[in-house]
Amino acid sequence: MAMGKLEKKFPEAYEICRQFELDEGAMRKIVQAMTNEIYMGLAKQTHSTASIKCFQTCVQDFPTGNERGRYLALDLGGSNFRVLLANLISAKEIDVISKTYAISKAIMEGPGIKLFDFLAESIAQFCKEHKIENDNLPLGFTFSFPCKHIGIDQGILVTWTKGFKSEGVVNKNVVEMLREAISRRGDLKVDIVAILNDTTGTLMSCAFQKQNCKIGMILGTGTNACYVEKTSNVEMFPAYQTSTKPHMIINCEWGAFGENGELDFVRTSYDKAVDRESLYPTKQVFEKCISGKYMGELVRHILVELMDKGVLFKDATSQILREREKFDTRFLSEIESDKPGQVRNACKVMDELGVRGTSEEDLLCLRHICQTISTRSAKLAACGLVSLIKKTKVKDIAVGIDGSVYCFHPHYHRLLMENMKLLLKDSAKFKLNLSKDGSGRGAALTAAVYTRRPPSPPKALSTEKQSSSCPKALSTEKQSSSCPLKASAPASMPTVRRFIQKVVWTFRHF
Ligand code: BGC
């Protein structure tokens, strides 16, 4: 069906979608406002009122590509908790074994002590399965929430985001809470050497291979970015004028942009409805416009309004869409993966939801709504990246990106590229790199960079079959991701090569 015809059939839907359009002028205004907030976040005098806080991360050292050995990594940031054992074998090979543990709503919203006991229990199970519970391996903890870092292994939670509400953790040192939970058990020895944000992990993981990677971004359930700043500009860092290290990664926490009203000129009544119904009204305004936790909800709110008007989905089964969070953001990726003019995936999505009696036109209209929300998301994310590229003043820069929206949406990368090019013109060259599992691998790499003692010699990871004794464990993956870090198959690694590696390692560390 031609687009003009669809618009004629659904004028109300098109009218709503027009409210989400962002022209170049609006985008430039947003870049300017984000840039202002970044400067305010960095400066001592204005930090407290800035919506982009630009937290110091204390990460001032970067991977050289020579990091080797075994490290543990933790990844907490969504509804799953992951424990990883990473073996840094060469500049190109990181061998990873990981296990995912589902976090129940009761734990996400219950007492903090229970959350940390759950984390400790999962780590202990994982380590016992791999017989490393007494190895005291260096551990990097990716904790993907706004944190004030007071040391590389000290982070104080500022606020929860993304559905977490665990009591008694805000304003507490989360590393201490984890250490206490581990020592309460008494059956596990690990050495927590670093706590980091997932954006930092993504940057570190990308920088392991690309020296010009200066920005890390996450577009998944939540959104955020970090970048490499001159230490002398990080006024909230006590040693900003005296530090011998010239750079520090800044965790922008750009999800909160808009909390000072900077996005009021683009926010629609649907954005406001999503905000009102969220766990943290008035907070994380930018995140609510662009990230995976909220994109599906925006589409759902539009659909409900069109259903109220009697425009769309007239079958009674469509009432299911009135249920909060019923329309998952992954549906946008699926629906937009259909070839233009086709509705095969859209049909499947409706089947999955149990909505019957939809016409082809209804589904094409649904696709138009999904595209509208994804396009605005990508345009806003492009504004954020452009503000950071301009701030770094690096003329040829790589950006490491991870997160479900960026990874799975069929057009997100292209939309980001197009809009960034539009805004940057020829002022800087940039590359957007998928930094697959940046949070996990980045945590291991950060632990490697900051480990206080030489890491254990490279050793092939156990390839034993995972036991499924833990009911909470969702999956155990032996990963071999191609982008950007390739995993190897250690079991097949020739003994001679392993021997040479050990000799080289010993030579390097002693
Ligand atoms: C958190 C950030 C995190 C981002 C992506 C946001 O909700 O505040 O710390 O980096 O989600 O996971």
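In listed order, ligands and their atoms are each counted from 1. This structure is a prediction, so every number in the text was calculated from the model and none was measured.
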Salt-bridge test for [X] and [Y]: reply yes if a basic N is under 4.0 Å from a carboxylate O, no otherwise.
X: Glu176; Y: Lys172; result: no
X: Lys288; Y: Glu297; result: no
X: Arg179; Y: Asp153; result: yes
X: Glu325; Y: Lys293; result: yes

Tell me which part of Asn251 gets within contact of ligand 1: side chain, backbone, both or neither, using heavy atoms under 4.0 Å.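 Answer for Asn251: neither.
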
Is the closest heavy atom of Pro146 to ligand 1 under 4.0 Å?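 Yes.
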
Mind checking whether Lys293 has a heavy atom under 4.0 Å from ligand 1?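 The answer is no: ligand 1 sits nowhere under 4.0 Å from a heavy atom of Lys293.
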
Just which atoms of ligand 1 are under 4.0 Å from any heavy atom in [X]?
X: Gly222; answer: 5 (C), 11 (O)
X: Phe145; answer: 9 (O)
X: Gln284; answer: 7 (O), 8 (O)
X: Thr223; answer: 4 (C), 5 (C), 6 (C), 11 (O)
X: Asn224; answer: 2 (C), 3 (C), 4 (C), 9 (O), 10 (O)

For [atom], which protein heavy atom lies nearest, and how many Å away is it?
atom: atom 6 (C) of ligand 1; value: Glu287 OE1, 3.1 Å
atom: atom 11 (O) of ligand 1; value: Lys162 NZ, 3.3 Å
atom: atom 9 (O) of ligand 1; value: Glu253 OE2, 2.6 Å

Measure the acute angle between the ring planes of Tyr101 and Phe81, then classify it against the limits of 30° and 60° as parallel, tilted or perpendicular.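 Rings of Tyr101 and Phe81: tilted, 30 to 60°.
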
N/O to N/O below 3.5 Å, does that happen between Asn197 and ligand 1?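 There is such a contact, yes.
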
Report yes if some N/O of Thr161 lies less than 3.5 Å from some N/O of ligand 1; otherwise report no.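 Yes, there is a polar N/O contact under 3.5 Å.
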
Just to verify, what does Phe430 make a ring pair (Phe, Tyr, Trp, His ring centres under 6.0 Å) with, not counting sequence neighbours?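 In terms of ring pair (Phe, Tyr, Trp, His ring centres under 6.0 Å), with neighbours along the sequence ignored, Phe430 is linked to no residue.
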
Contacts of Asn419 that satisfy side-chain hydrogen bond (donor to acceptor under 3.5 Å, both in side chains) - sequence neighbours left out: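 If we apply the side-chain hydrogen bond (donor to acceptor under 3.5 Å, both in side chains) test to Asn419, skipping adjacent residues, there are no hits.
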
Shortest heavy-atom approach to atom 12 (O) of ligand 1 - which of Ile218, Asp198, Thr221: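 Result: the heavy atom closest to atom 12 (O) of ligand 1 is in Asp198.
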
May I have the step-by-step check of side-chain hydrogen bond (donor to acceptor under 3.5 Å, both in side chains) for Asn224 and Asp198, ending in yes or no? CA-CA 9 Å; Asn224 188 15; Asp198 49 357; 5.0 Å; no

Looking at every non-hydrogen atom in both residues, tell me the closest pair between Asp75 and Gly440 and how far apart they are.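 So the two residues come closest at OD2-N, 4.5 Å.
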
